[in-house]
Amino acid sequence: MPYQGDPIAEKLDKVAGIVGAATGLTRLQRRFNSGRTVRFRFTPLVLLVLASAGLWLQIAHPDSAAFLAIMTVWMISGTVQAFSPIGNLRGAKQLDERETALVRSGHSIGLLAALGVAVLGCLAFGMASIAEQVRLPSFWRPEVGTDWFALAFFLLAIEANVATLAASAKLPEDLEDEEDE
Amino acid sequence: MSARIYNRIAVFRAEARMSRKDLAEKVGVNPQTIGFLERGDYNPSLELALRVAQVFKVPIEVLFSFKPFPSVAQTLLEQENRNALSG
């Protein structure tokens, strides 16, 4: 209900309402207040693409601070995850057995994905090192500190987004009748 | 791989005039979990199944089964037929 009383406050309230409706913030806030989680299908994929682009930037320009971009993507991923089925927006409320299982399986899948990328990366870096020693064409491997930072945040971004995707996929569709929830 | 577990929590809940929220509070889960349970989207742990059965004061096999439960109409019809044959 819009605020009524002071005319300036009324106008500000109207502006806030328009901005909230246009940006989807009002809908998000309602969802937040209801304690229901959001199923993310595309946002984590976009964030994974952005993290990969950040890593590519770090490889292409090792002197740049591209790792900061990947770190930002990882931080945004964490915020998105808070609204996902594995986020705990209800704060102190204890998760029940279904929710706990969802959190565990989501993070397990995310960690497995990050581990898989880390193992493949280590093998690739090892091969790059050997190729350089025997004077064969080599490829990129981390050398400076920022390369390692970039890789660490890249793996964190993979874990967070894959976990969000997995948990979103595992959450059943909303109930048709939520009248007594 | 887990087998599908059928249940008739919704029937018992309606009979007891209990909302999902009420049942959820009694068994200590989120109301959404009760909804998913009734719809067959979630298989409960043994502990949760026992707690639900305890709320309705029935044995666990009355509420949960590996086979689909007959509908209320079908059960009533069968009962009517049995009564007609015996009486």
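FYI, side chains are in, hydrogens and waters are out, and symmetry mates aren't considered; it's all heavy atoms of this structure. A note on names: the letters A, B, ... follow the listed sequences, proteins ahead of strands, and every chain is numbered from 1.
Surrounding CD1 of I8(A) are at most 12 heavy atoms belonging to other residues, nucleotides or ligands under 6.0 Å away. Enclosure of atom CZ in R135(A) is not indicated, since only 12 or fewer non-hydrogen atoms of other residues, nucleotides or ligands lie within 6.0 angstrom. Atom CZ of F125(A) has more than 12 heavy atoms from other residues, nucleotides or ligands within 6.0 Å. The 12-atom threshold is not exceeded at CD of E80(B), counting heavy atoms of other residues, nucleotides or ligands nearer than 6.0 Å.
One distance of note links CZ of R98(A) with CG of N43(B); it measures 13.0 Å at 0.5 Å rounding. We find the CD-CG distance between Q32(B) and L171(A) to be 6.0 Å, quoted to the nearest 0.5 Å.
Residues F42(A) and I86(A) are members of separate hydrophobic clusters, defined by side-chain heavy-atom contacts under 4.5 angstrom among Ile, Leu, Val, Met, Phe, Trp and Tyr.
Among all heavy-atom pairs drawn from D96(A) and N30(B), the shortest one is OD2-N, 2.8 Å. Closest of all the heavy-atom pairs between P172(A) and D41(B) is CB-OD2, 3.5 Å.
The part of Y42(B) that comes within reach of chain A is its side chain, from C-beta onward, which places non-hydrogen atoms under 4.5 angstrom from that chain.
A 4.5 Å side-chain heavy-atom check between L48(B) and E97(A) finds at least one atom pair inside the cut-off.
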